[in-house]
Student: 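Submitted below is the structure of interest, expressed as structure tokens.
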Protein chains: 2
Amino acid sequence: MYIKEFSARSGFSSDTLRYYEKIGLIAPPMRDGGGRRVYSKADLTWTEFLGRLKATGMGISEMGRYARLRAEGDQTATERQQLLKAHRKKVRAQIAILNENLAALDKKIDTYSAMIEAGKGERNGS
Amino acid sequence: MYIKEFSARSGFSSDTLRYYEKIGLIAPPMRDGGGRRVYSKADLTWTEFLGRLKATGMGISEMGRYARLRAEGDQTATERQQLLKAHRKKVRAQIAILNENLAALDKKIDTYSAMIEAGKGERNGS
DNA sequence: GCTTGACCTGGAGCGCGCTCCAGCCCCGAG
DNA sequence: CTCGGGGCTGGAGCGCGCTCCAGGTCAAGC
């Protein structure tokens, strides 16, 4: 598939896909006779995984490191796994922080409910 | 307290505090005789809340909107509550996404465990 | 009185992650 | 054969959220 379809399927813009290729996150795909990029299903699988890493807050440089290890082949499996384990730890921490702050947010919202309730009918100064 | 202590207590750098003040996230604090900022406990409470909004991914412009409503007084309580409810929704969605991707990450890590296990002992080509 | 160091202001600069653009090529439809 | 649309490259630009800096004031300790 050409870049437009790949963009739609992967959720990354065409510009972003070319950018990711330029910085080494995505391996250069095949080209057709006219020099246009032709992406494979495997490219899609990889890009979807990249999307997960991105969605969980991994930065581009770390994704690049993972991509480089991946390109080196099976002997880097352990290292890649460790990278993912470290990342997982960060994601768990991030979820914990969000949950804490969500609880505080809930409380704050409740406080507003009380305020709003108390404020009703102050118009008639009874 | 002066800015250095406030920085330590709030978790924001002095530069960031001055920046937040400049863009209206934090109300200008008192000044001492020499023109130095003197922060109060109330400033700390507010700044901590800002920190929660930030930690849950709220952007500066939306925090600014909340801060402006807050400055307008009690009659904006409903609007502020709605803003927080909308934000809470986003935070919940964000947590859901993280949990999904965390599960995928777990699977991937397991896949590596299997790969690594299978790869062991290939040295002796049996 | 002098030094030291925290603090002040306004404004420039930066790192990240794209996003946009000019100027070009190529292909397929009509 | 022309036209339109998608794709290409290299490089500039951007929005966000700070971060840093020069050049100055002020206050407390020696």
Side-chain angles (χ1 to χ4, degrees), chain A residues 1-40 43-44 46-68 87 90 94 97 101, chain B residues 1-40 43-44 46-68 87 90 94 97 101:
Chain A
M1 80 197 84
Y2 289 116
I3 200 168
K4 197 178 184 182
E5 185 184 350
F6 191 68
S7 165
R9 292 209 191 188
S10 67
F12 290 107
S13 75
S14 299
D15 274 325
T16 300
L17 289 169
R18 283 188 288 253
Y19 167 66
Y20 280 5
E21 183 184 332
K22 182 153 56 179
I23 63 174
L25 289 193
I26 296 177
M30 300 290 112
R31 299 290 182 125
D32 73 2
R36 287 132 85 197
R37 289 173 180 79
V38 178
Y39 293 92
S40 70
D43 291 325
L44 191 55
W46 166 240
T47 307
E48 280 165 353
F49 185 64
L50 269 188
R52 292 190 182 283
L53 294 180
K54 187 193 159 192
T56 48
M58 186 182 282
I60 279 188
S61 66
E62 201 174 352
M63 291 194 269
R65 195 180 148 223
Y66 184 86
R68 255 175 278 120
H87 182 57
K90 285 183 201 161
Q94 172 65 2
I97 288 169
N101 287 324
Chain B
M1 77 198 84
Y2 289 117
I3 200 167
K4 197 177 185 184
E5 186 185 349
F6 191 68
S7 165
R9 291 208 191 189
S10 67
F12 291 106
S13 76
S14 299
D15 274 326
T16 299
L17 290 169
R18 283 187 287 253
Y19 167 67
Y20 280 5
E21 183 184 332
K22 181 154 57 179
I23 63 174
L25 288 193
I26 295 176
M30 300 292 109
R31 298 290 182 125
D32 72 1
R36 286 131 86 197
R37 291 172 179 79
V38 179
Y39 293 91
S40 69
D43 291 326
L44 191 56
W46 167 240
T47 308
E48 279 166 354
F49 185 63
L50 270 188
R52 291 190 183 282
L53 294 180
K54 187 193 160 193
T56 48
M58 187 182 282
I60 278 187
S61 65
E62 201 173 352
M63 291 194 270
R65 195 180 148 223
Y66 185 85
R68 258 175 277 119
H87 182 57
K90 285 183 201 160
Q94 172 65 2
I97 288 170
N101 287 324

Student: Can you measure B:Tyr2 atom OH to C:dG5 atom P for me and round it to whole angstrom units?
Tutor: 18 Å
Student: Select one nucleotide: of C:dC7, D:dT19, C:dC18, the one nearest the side-chain heavy atoms of A:Ile60.
Tutor: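 Looking only at heavy atoms from C-beta outward on A:Ile60, the closest nucleotide is C:dC18.
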Student: For A:Ile23 and C:dT19, what is the distance between atoms CD1 and C1' respectively, to the nearest whole Å?
Tutor: 14 Å
Student: Considering heavy-atom distances to DNA chain C, does A:Gly35 or A:Phe12 have its closest nucleotide positioned more toward the 5' end?
Tutor: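 The residue mapped nearer the 5' terminus is A:Phe12.
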Student: Go through D:dC18, C:dG17, C:dC20 for me and flag the one nearest to the B:Tyr19 side chain.
Tutor: D:dC18
Student: Under 4.0 Å between a side-chain N or O of B:Arg31 and OP1 or OP2 of C:dT9?
Tutor: yes
Student: Between C:dC7, D:dG7, D:dT19, spot the one nearest the side chain of B:Arg36, thanks.
Tutor: C:dC7
Student: I want to check one thing: is the phosphate of C:dT19, taken as OP1 and OP2, less than 4.0 Å away from some side-chain N or O of A:Thr16?
Tutor: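 Affirmative; the distance criterion is met.
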Student: Tell me the interatomic distance from A:Glu21, atom CD, to D:dG10, atom P, rounded to whole angstroms.
Tutor: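 That distance rounds to 11 Å.
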Student: Starting from P on D:dG6, measure out to CE on A:Met1 and report it in whole angstrom.
Tutor: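 It is 18 Å, rounded to the nearest whole Å.
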Student: Using 4.0 Å as the upper bound for N to carboxylate O, is an ion pair formed by A:Glu62 and A:Lys90?
Tutor: yes
Student: Name the nucleic acid region contacted by B:Arg37, choosing base, sugar-phosphate or nothing; use a 4.0 angstrom heavy-atom cut-off, strictly under.
Tutor: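 Sugar-phosphate, backbone atoms only, no base.
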Student: Atom CZ in B:Phe49, atom CG in B:Leu44: separation rounded to 0.5 Å?
Tutor: 14.0 Å
Student: Tell me the interatomic distance from A:Asp32, atom CG, to D:dC8, atom P, rounded to whole angstroms.
Tutor: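 It works out to 8 Å between those atoms.
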Student: With a 4.0 Å cut-off, would you call B:Glu21 and B:Arg31 a salt bridge?
Tutor: yes
Student: Between B:Leu17 (CG) and C:dA6 (P), how many Å, whole number?
Tutor: 16 Å
Student: Take atom CG of B:Asp15 and atom C1' of C:dG10, then tell me their distance rounded to the nearest Å.
Tutor: 12 Å
Student: Taking for each residue the nucleotide of DNA chain D bearing the nearest heavy atom, is the 5' side occupied by B:Gly34 or by B:Lys54?
Tutor: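 Final value for this comparison: B:Lys54.
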Student: If every non-hydrogen atom of B:Phe6 is compared with every non-hydrogen atom of B:Ser40, which pair is closest and at what distance?
Tutor: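 Residues B:Phe6 and B:Ser40, closest heavy atoms: CE1-O, 4.2 Å.
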Student: Quickly work out the B:Glu62 CD to D:dG15 P distance and round it to whole Å.
Tutor: 19 Å
Student: Inspect the contact between B:Arg52 and B:Glu48 and indicate whether a charged nitrogen and a carboxylate oxygen are less than 4.0 angstrom apart.
Tutor: no
Student: Can you tell me if the side-chain N/O atoms of A:Arg18 get under 4.0 Å from OP1 or OP2 in D:dC8?
Tutor: yes
Student: Please tell me if A:Tyr20 has a side-chain N or O lying less than 4.0 Å from either OP1 or OP2 of C:dG17.
Tutor: no
Student: Between B:Lys4 and B:Lys22, which residue's closest nucleotide on DNA chain C lies nearer the 5′ terminus?
Tutor: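 Final value for this comparison: B:Lys4.
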